[in-house]
Amino acid sequence: QVQLVESGGGLVEAGGSLSVSCAASGRTFSRYTMGWFRQAPGKRREFVAAINWSGSNTVYADSVKGRFAISRDNAKNTLYLQMNSLKPEDTALYYCAGGLKQYITTIERAYDYWGPGTQVTVSS
């Protein structure tokens, strides 16, 4: 079992950058496919980015491709999301999620464990 806790959210101006992290407990973090999702007020939660267990494969939502970068440090049991060129529409509660999968996936229900989320607000 894995427990996840996000950190690093905050308020940033449009065009700025922000990095959020997700600390995982347990000794099996390196076995998990990890993902970032987000939910804006009044909207459904949506996929942002995912990374496979080794970090060799990543996938992004079209809306963030070229601006966001997902990475992981298995030695530190930590997942990262670097967000650049932020837009007001990136404002949301950002969740990290983990799934014990051999493949990378963008599907929300494929992830077994979720953090409580960290708020990212981008002002115009």
Side-chain angles (χ1 to χ4, degrees):
Q1 192 169 354
V2 174
Q3 292 185 322
L4 306 172
V5 179
E6 304 90 342
S7 62
L11 175 65
V12 63
E13 291 185 351
S17 298
L18 197 64
S19 179
V20 291
S21 302
C22 174
S25 66
R27 295 175 292 178
T28 58
F29 174 76
S30 61
R31 297 172 59 190
Y32 283 75
T33 286
M34 298 297 297
W36 287 99
F37 291 77
R38 66 187 183 186
Q39 187 168 22
K43 295 188 177 181
R44 298 184 64 178
R45 189 157 58 186
E46 65 176 4
F47 169 76
V48 175
I51 188 167
N52 72 334
W53 67 274
S54 67
S56 62
N57 191 18
T58 59
V59 62
Y60 296 92
D62 287 343
S63 59
V64 307
K65 200 172 295 182
R67 300 188 297 121
F68 289 14
I70 187 172
S71 62
R72 66 190 297 163
D73 186 335
N74 287 342
K76 296 182 178 180
N77 279 13
T78 304
L79 177 72
Y80 304 98
L81 184 68
Q82 176 66 41
M83 302 179 287
N84 300 322
S85 301
L86 282 160
K87 305 175 182 180
E89 51 262 44
D90 294 317
T91 295
L93 188 61
Y94 282 71
Y95 299 91
C96 73
L100 193 58
K101 300 290 187 294
Q102 295 295 321
Y103 52 87
I104 196 170
T105 178
T106 66
I107 306 301
E108 184 175 336
R109 63 178 180 271
Y111 290 86
D112 306 303
Y113 303 103
W114 293 81
T118 186
Q119 179 67 38
V120 172
T121 303
V122 184
S123 63
S124 57

Atom pair CD (Gln82) and OG (Ser21), whose distance is rounded to the nearest 0.5 Å: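 OG of Ser21 is found 9.5 Å from CD of Gln82.
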Between CZ on residue Arg44 and CD on residue Glu108, distance to nearest 0.5 Å: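 Going from the CZ atom of Arg44 to the CD atom of Glu108 covers 7.5 Å.
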Determine the minimum heavy-atom distance between [X] and [Y], stating which atoms define it.
X: Leu81; Y: Ala49; result: CD1-CB, 4.4 Å
X: Thr105; Y: Ala110; result: CG2-CB, 3.7 Å
X: Val2; Y: Ala24; result: CG1-CB, 3.9 Å
X: Arg38; Y: Ser63; result: NH2-OG, 3.5 Å
X: Thr33; Y: Lys101; result: OG1-O, 3.5 Å
X: Pro88; Y: Ser124; result: CG-CB, 3.8 Å

Within 6.0 Å of CD in Glu46, more than 12 heavy atoms from elsewhere: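 Counting neighbours around CD of Glu46, more than 12 heavy atoms of other residues, nucleotides or ligands fall under 6.0 Å, so yes.
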Hey, is the main chain of [Y] close enough, under 3.5 Å, to the side chain of [X] for a donor-acceptor pair?
X: Thr78; Y: Lys76; result: yes
X: Asn52; Y: Asn57; result: yes
X: Tyr60; Y: Ile70; result: yes
X: Thr91; Y: Val122; result: yes
X: Glu6; Y: Val20; result: no

With the 4.5 Å side-chain cut-off for hydrophobic clustering, are [X] and [Y] part of the same group?
X: Val64; Y: Ile104; result: no
X: Tyr80; Y: Leu93; result: no
X: Tyr95; Y: Tyr111; result: yes
X: Trp53; Y: Trp114; result: no
X: Phe37; Y: Phe29; result: no

Any Arg67 side-chain heavy atom under 4.5 Å of Met83 side chain: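 Arg67 vs Met83: side chains apart.
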Close aromatic pair by centroid cut-off 6.0 Å: Phe68 and Trp36: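 Between Phe68 and Trp36, the centre distance exceeds or equals 6.0 Å.
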Pair Asp90 + Lys87, salt bridge at N-O below 4.0 Å: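 No, no charged N to carboxylate O under 4.0 Å.
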Option passing side chain to side chain contact (heavy atoms under 4.5 Å, CB included) with Leu4 (candidates Ser25, Pro116, Cys22):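 Only match with Leu4 under side chain to side chain contact (heavy atoms under 4.5 Å, CB included): Cys22.
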